[in-house]
Number of protein chains: 2
Amino acid sequence: MAPRKAVDQELSREAIIDVAHQLFVDQGFQAVSMRMIARELGYSHGAIYYHFKNKADLFYAMIEQDFAMINKELKRLDKLELSQEEKLKELLLGYIRFGLTYPNHYEVMFIMNDKELQHYATNAPEQSYQQFAQAVAALTNQQIEIKKIWSVFLMLHGFVAHYCRIGHSFQEVEELAMSHVDMILGMIYMD
Amino acid sequence: MAPRKAVDQELSREAIIDVAHQLFVDQGFQAVSMRMIARELGYSHGAIYYHFKNKADLFYAMIEQDFAMINKELKRLDKLELSQEEKLKELLLGYIRFGLTYPNHYEVMFIMNDKELQHYATNAPEQSYQQFAQAVAALTNQQIEIKKIWSVFLMLHGFVAHYCRIGHSFQEVEELAMSHVDMILGMIYMD
DNA sequence: TGATTTAATTGAACAGTGGTTAAAAAAAGG
DNA sequence: CCTTTTTTTAACCACTGTTCAATTAAATCA
């Protein structure tokens with residue numbers, strides 16, 4: 001039997017998540033196998049089970065990181081020295097940027113409908129939307145209707161969902177995203 | 001060996017497509033196997049291969065039907081006796097109505113995402129969009145920018161995709177749909 | 001230092017799954 | 001009766017997630 005690897009090349013949760021991240025983003029949950037991840041890492045598939053209970057456990061450890069990222073993104077926005085209008089614009093554009101920078105996680109949160117994963121992530125989208133809605137309300141001094149915020153959210157979601165699906169990066173569609181956001185802003189400030 | 005079934009219950013391409021459609025929409029391309037489809041039909045899995053070359057062939061035949069359906073819907077609108085503004089509103093609302101009345105078809109056409117089928121999943125919706133865009137351009141006397149039409153499409157898509165996912169019918173969200181459409185119309189007629 | 005314990009890794013094994021093919025069989029049509 | 005059409009079934013091979021005894025490097029202790 002082949003020997004255990006030396007400690008300076010020991011496998012870690014982070015290393016597994018990194019590789020799994022690339023593969024999941026590239027091919028989706030179903031298409032990626034534990035053996036593929038292990039092969040990519042240069043380890044045997046059994047080794048992953050020492051660090052993660054199972055495939056779903058690995059997947060959720062992975063997206064937990066990116067939920068933290070959304071919160072960080074919202075806090076980053078709060079600290080910027082901008083006018084309310086500029087902050088609002090940055091919020092909307094930031095939503096698109098996040099969705100297209102982490103398309104797989106966006107898919108899990110707002111698009112994917114996988115029976116196996118649904119048990120874990122059910123209320124996550126709702127929570128995320130609540131944060132978004134509160135930010136929008138604050139940045140418009142509560143002048144905007146609830147219904148309108150919801151429409152704004154769906155308008156952004158439509159953009160991200162589409163370009164997520166056809167696999168475009170944020171850079172590739174940045175200009176379009178900006179014009180999309182401008183139209184939404186025009187609608188917000190219109191009576 | 002078990003006998004061949006009597007002719008009055010003969011398997012047909014249509015019957016296979018019907019069952020496959022439900023399963024594909026519910027669970028995605030990868031998660032649905034030829035054996036599952038056959039089991040649901042009450043036939044053995046080999047029988048499907050008499051009617052379709054392989055799994056992808058079955059999927060393509062299925063999606064072709066769906067796109068034919070949306071084109072028919074667009075032509076129906078053209079014949080209505082309404083003003084341009086009313087037609088435009090009916091077009092946008094009709095898009096949502098179609099998506100939520102046939103959520104299975106819509107999901108397969110515009111939401112479902114599978115690497116193995118990405119070529120088809122990007123080209124076919126593109127054609128459908130072109131028809132939609134031409135209709136919008138015509139109903140606004142070509143006064144609307146191309147970019148704006150595309151944004152309108154994505155705004156509608158966001159609405160349909162979301163309520164498709166959580167399984168709401170058109171009736172359940174009709175009011176919200178109308179206010180969503182009104183916001184989009186306001187944006188269209190604004191400079 | 002050497003012995004022992006602990007942590008990490010391996011690879012075989014299990015119990016399935018998948019798409020696809022092809023020979024055999026039987027119903028239908030002529 | 002013979003041919004064609006349709007269906008079944010076994011078989012092939014390459015997968016899958018997961019478990020677990022065996023194995024070995026590192027860490028700890030005497």
Side-chain angles (χ1 to χ4, degrees), chain A residues 1-21 23-24 26-63 108 112 114-120, chain B residues 1-24 26-63 112 114-120:
Chain A
M1 185 174 287
R4 169 183 171 182
K5 300 245 167 89
V7 74
D8 65 321
Q9 44 177 313
E10 207 166 80
L11 195 51
S12 68
R13 282 175 69 93
E14 285 69 36
I16 296 170
I17 286 178
D18 272 7
V19 164
H21 189 281
L23 292 174
F24 279 136
D26 216 50
Q27 314 183 47
F29 181 75
Q30 308 253 13
V32 174
S33 71
M34 297 298 256
R35 283 171 170 87
M36 286 169 66
I37 297 167
R39 231 190 332 269
E40 196 72 23
L41 282 160
Y43 278 73
S44 74
H45 57 277
I48 299 177
Y49 285 89
Y50 183 77
H51 299 273
F52 295 95
K53 203 167 93 262
N54 54 38
K55 192 182 174 185
D57 186 42
L58 163 56
F59 189 83
Y60 285 103
M62 180 185 97
I63 70 163
V108 170
M112 215 166 75
D114 198 305
K115 288 272 191 304
E116 200 179 338
L117 300 171
Q118 216 160 31
H119 176 260
Y120 285 82
Chain B
M1 184 173 289
R4 166 184 170 179
K5 300 243 167 90
V7 74
D8 65 323
Q9 45 178 313
E10 207 166 80
L11 194 52
S12 67
R13 282 175 69 94
E14 284 68 36
I16 296 169
I17 285 178
D18 272 6
V19 165
H21 202 277
Q22 291 172 34
L23 292 174
F24 278 137
D26 211 48
Q27 315 183 45
F29 181 75
Q30 307 252 13
V32 174
S33 69
M34 297 298 257
R35 283 172 170 88
M36 286 170 66
I37 297 167
R39 229 187 336 267
E40 195 74 22
L41 283 161
Y43 279 72
S44 71
H45 58 276
I48 300 176
Y49 285 90
Y50 182 78
H51 299 272
F52 296 96
K53 203 167 92 263
N54 53 36
K55 193 181 173 185
D57 186 42
L58 164 55
F59 186 82
Y60 293 150
M62 177 187 94
I63 221 166
M112 211 173 90
D114 195 290
K115 278 286 180 303
E116 203 172 325
L117 304 165
Q118 212 166 46
H119 170 73
Y120 208 92

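Chain letters run A, B, ... following the sequence lines, proteins first, then strands; residues in each count from 1. The figures here come from the full heavy-atom set of this structure, side chains too, leaving out hydrogens, waters and symmetry mates. Here the structure is a predicted model, which means the values were calculated and not measured.
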- request: For A:Leu11 and C:dT9, give me the distance from atom CG to atom P, rounded to whole Å.
  value: 5 Å
Nearest-angstrom distance from the residue atom CZ of B:Phe52 to P of D:dT6: 13 Å
N/O-N/O pairs, protein side and nucleotides 12-16 of chain D side, under 3.5 Å:
{"residue": "D:dT16", "atom": "OP1", "partner": "A:Ser33", "partner atom": "OG", "Å": "2.8"}

task: Using only heavy-atom distances, decide whether a donor-acceptor pair under 3.5 angstrom links the side-chain of B:His45 to the base of C:dT20.
output: yes
- prompt: Separation of B:Arg13 atom CZ from D:dT6 atom C1', in whole Å?
  reply: 15 Å
- prompt: Rounded to whole angstrom units, what separation is found between the CD1 atom of B:Ile37 and the P atom of C:dG19?
  reply: 8 Å
task: Send over the distance from A:Ile48 CD1 to C:dT10 C1', rounded to a whole Å.
output: 13 Å
field: Distance, rounded to the nearest Å, where B:Lys53 contributes NZ and C:dT20 contributes P
entry: 9 Å
query: So is B:Lys53 actually on top of B:Tyr60's ring, under 6.0 Å and inside 45° of the axis?
result: no
message: Is B:Tyr50 close enough to D:dT6 that one of its side-chain N or O atoms is under 4.0 Å from OP1 or OP2 there?
response: yes
- request: Classify the ring geometry between A:Phe59 and A:Phe24 as parallel (under 30°), tilted (30 to 60°) or perpendicular (over 60°).
  value: perpendicular
Heavy-atom check, side chain of A:Ile16 versus side chain of A:Tyr43, under 4.5 Å: no
- prompt: Closer than 4.0 Å, any side-chain N/O of A:His51 to the OP1 or OP2 of C:dT9?
  reply: yes
query: In whole angstrom, what separates B:Tyr43's OH from D:dT8's P?
result: 7 Å
task: Enter the distance from A:His51:NE2 to A:Ile17:CD1 here, rounded to the nearest 0.5 Å.
output: 11.0 Å
task: Would you indicate whether the side-chain heavy atoms of A:Gln27 and A:Met36 approach each other to under 4.5 Å?
output: yes
message: In whole Å, I'd like the distance from the CZ atom of B:Phe59 to the C1' atom of C:dT20.
response: 19 Å
- request: Using a cut-off of strictly less than 4.0 Å, decide whether B:Tyr49 has a side-chain nitrogen or oxygen near OP1 or OP2 of C:dT20.
  value: yes
message: For A:Met34 versus A:Asn54, what's the shortest heavy-atom pair and its separation?
response: CE-C, 3.9 Å
- prompt: Do you know which two heavy atoms are closest between A:Val19 and A:Leu41, and how far apart they sit?
  reply: CG2-CD2, 3.6 Å
